[in-house]
Amino acid sequence: EGEEVMTADIRAQVLTETAETVLQRRYYLKDAEGKPRETWETLCRRVADAVAEAKQKPTNYEELRRRFFHMIYHLDFLPNSPCLMNAGTDLGQLSACFVLPVPDSMDGIFTAIRNGALVHKTGGGTGYSFSRLRSKDASVRSTQGVASGPLSFAAVFDAATETIKQGGKRRGANMGVLRIDHPDILDFIVAKQDQQKFNNFNFSVAITDAFMTALAEDGDYDLIEPSTGAVRRSLKAREVFEQIVDLAWLNGEPGVLFIDSANRDNPTPQLGLFEATNPCGEQWLLPYESCNLGSINLARFVENGAIDYDRLQETVQTATVFLDNVIDCNRFPIPEIEEMTLKTRKIGLGIMGLHDLLIQLGIPYGSDQGRQVAATVMQFIHDAAEAESIRLAEEKGAFPAYDATLNDYPPRRNAALTSIQPTGTVSMIADCASGCEPYFSIVMIKHVMDGDRLILVNKYFEQVARAEGFYSEELMQKVADSGTVIGHKEIPKKWQEIFRTAQDICPDDHIKMQGALQKSGVDSSISKTINLPSTATREDVKHSYVLGYNLGCKGLTVYRDGSRDSQVLNTKERS
Ligand code: UDP
């Protein structure tokens with residue numbers, strides 16, 4: 001197999017019209033007049049060649065560039081957007097995720113704003129913990145004044161982001177984290193109630209085990225001044241939790257992060273603790289760490305009604321080498337990030353098209369069997385990636401911070417291997433359900449020029465409906481109008497179950513899927529939305545958070561249908 005077979009004909013079969021549009025708008029390099037001067041094939045060659053070469057051409061360069069090209073070109077695996085956009089160009093910044101420290105000093109805060117701006121310029125997203133900042137009325141010794149607190153500084157980060165468009169192709173995205181025991185936590189929880197504010201941020205509360213214990217016992221917990229360690233006051237855990245629930249019910253924010261669960265899995269505690277994640281929550285990183293992501297398209301691994309594990313294993317191996325190479329050819333925005341990233345060499349191998357895989361196997365997403373299959377596949381991917389990372393360590397050395405006396409795992413090349421990213425744009429290129437999410441709709445009506453309407457039907461549903469003879473334009477119209485396949489008597493019950501969408505799947509099943517994936521093979525974390533119906537109550541939201549915590553999730557985002565006017569990163573709206 002080789003480059004000869006990649007003709008225009010194959011290309012036409014592979015890429016959808018939507019994919020081609022997305023690529024032309026944002027991914028293909030442009031000429032001086034702003035016209036795309038690339039095709040999918042030449043883009044894949046640019047990426048494969050640059051990443052195969054890394055720092056200097058290895059002896060197996062030809063083999064590597066062929067394997068990389070093949071896997072990307074055929075949509076078996078796609079790296080995160082910055083890699084597709086910037087590999088082999090002068091910009092050369094290839095990572096999506098960064099966490100920057102925000103120290104409790106003027107110098108530290110404005111250094112973080114500057115560093116964040118440099119990251120955004122190259123297409124990366126940044127996560128910040130504001131938990132180290134002294135609270136709003138704490139004293140400032142040098143000026144004898146009082147501090148303005150984390151929220152007032154977060155507003156400056158927000159304003160800086162507003163003025164910088166990420167690399168001209170992505171808008172700046174930030175995660176802002178505050179610990180539940182920070183004295184300003186109550187202000188933070190309600191900060192985004194005003195939907196005009198902090199629009200370049202996702203806000204999440206870092207919830208501790210101590211807080212969850214106080215909540216279970218209906219007890220109090222302490223707020224601690226970060227600059228002095230002094231207990232400022234105690235609050236009823238239940239009342240604070242209810243505040244979070246109220247706001248999340250109202251408009252989906254703040255999200256929650258389970259910070260102690262994340263730190264239990266910290267692969268290099270000797271280097272520091274996790275304080276924050278990247279904007280969409282799938283990567284816990286240490287201050288100044290960055291991570292490059294890539295996703296296996298599971299839609300492409302079903303053969304005759306079964307998972308093709310041999311080809312999946314090969315693809316995971318190639319993807320692991322690819323992501324590890326990305327670290328070496330990356331141009332890091334600042335030296336501190338380069339230094340930290342090279343110490344741990346974290347990669348984020350994830351999945352997309354999980355729902356496609358389950359549909360092709362005829363298994364409902366929200367079922368025990370669906371969760372079992374998902375967990376088995378994710379564990380398989382993790383184990384294959386780990387084996388490859390161990391092999392890479394033998395070939396090129398373990399990640400430098402590896403310490404056999406401190407770390408209870410074998411020497412490998414990468415401190416973290418797996419996470420599940422949203423794949424908001426790359427899943428549009430691959431034409432599959434994003435990340436580990438179920439499809440959002442099965443039939444959509446698109447209004448085009450002259451009042452014409454285009455009926456867009458999920459490709460698997462159309463195939464099934466035509467094969468089983470229940471396809472009709474009238475039915476498709478009805479499915480589009482009702483927003484669901486459920487309850488239409490023309491559709492056999494079995495298919496109603498298999499084609500349930502995000503809104504038809506009950507919230508507990510969403511959470512159980514996230515929990516199953518987290519426990520089976522995801523090192524870092526998972527970006528996932530728990531969809532609640534518009535009729536969901538505050539009790540339902542509360543129940544979701546507690547269930548997610550108990551199932552070992554490292555964070556949770558709930559979204560009640562229709563509750564928010566606009567979202568920072570509404571995955572399908574971004575293109
Ligand atoms: N991200 C960002 N800006 C965006 C979208 C994403 O900075 O507009 C970052 C963010 O850290 C997010 C990560 O990229 O968590 C991965 O997002 P996604 O998988 O949706 O990116 P894709 O590669 O599909 O563009």
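Worth saying up front: this structure is predicted, and the values here are computed from it rather than measured. Numbering of residues begins at 1 and proceeds along the displayed sequence. Side chains included, hydrogens not; waters and symmetry mates left out as well; all remaining heavy atoms used. Both counts, for ligands and for their atoms, begin at 1 and track the order of listing.
Take E386 and apply the side-chain contact (heavy atoms from CB on, under 4.5 Å) test, not counting sequence neighbours, and it matches H382, I390, R412, L417. Checked against salt bridge (charged side-chain N to carboxylate O under 4.0 Å, His left out), R300 has the following partners two or more places apart in sequence or in another chain: D76.
At under 3.5 Å, a nitrogen or oxygen of V426, whether backbone or side chain, sits near a nitrogen or oxygen of ligand 1. Polar contact check, S81 against ligand 1: a nitrogen or oxygen pair lies under 3.5 Å apart. Between N80 and ligand 1, a contact under 3.5 Å exists for no N or O pair. Taking only nitrogen or oxygen atoms, main chain and side chain alike, A96 reaches within less than 3.5 Å of ligand 1. Note: no N/O pair closer than 3.5 Å links G123 and ligand 1 by distance alone. The N/O atoms of T425, backbone and side chain alike, include one that comes under 3.5 Å of an N/O atom in ligand 1.
Note on K30 versus E38: no salt bridge recorded, every NZ/NE/NH1/NH2 to OD/OE distance being 4.0 Å or above. Between D509 and R500 there is no salt bridge, since no side-chain N of the basic residue sits under 4.0 Å from a carboxylate O of the acidic one.
In summary, the side chains of Q360 and D356 do not present any donor paired with an acceptor at a separation below 3.5 Å, with no hydrogens or angles considered. Side-chain contact annotation: E289 with T344, donor-acceptor N/O pair under 3.5 Å present.
Within the listing of ligand 1, atoms 16 (C) sit less than 4.0 angstrom from a heavy atom of L293. Which parts of ligand 1 touch G124 is read off a 4.0 Å heavy-atom cut-off, strictly below it: atoms 7 (O). Close approach of ligand 1 to G125 is summarised as follows: ligand atoms under 4.0 Å from at least one heavy atom of the residue are 7 (O). Taking every heavy atom of G424 and a limit of under 4.0 angstrom, the matching atoms of ligand 1 come to 18 (P), 19 (O), 20 (O), 24 (O).
Remark: the backbone N or O of D431 is paired with a side-chain donor or acceptor of K459 at under 3.5 angstrom. In this structure, the side chain of S389 engages the main chain of R413 through a donor-acceptor pair within 3.5 Å.
Only the side chain of E282 comes within contact range of ligand 1, with a heavy atom under 4.0 Å; no backbone atom does. Counting heavy atoms closer than 4.0 Å to ligand 1, residue L78 contributes nothing at all.
When the heavy atoms of P279, C83, A173, C291 are ranked by distance to atom 10 (C) of ligand 1, first place goes to P279. Compare S434, S295, C280 by their heavy atoms: the one nearest to atom 12 (C) of ligand 1 is in C280.
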Open item on the list: As a quick check of understanding, evaluate side-chain hydrogen bond (donor to acceptor under 3.5 Å, both in side chains) for Y365 and E437, giving each step before the final call.
Closed with: CA-CA 9 Å; Y365 182 98; E437 300 286 9; 4.9 Å; no
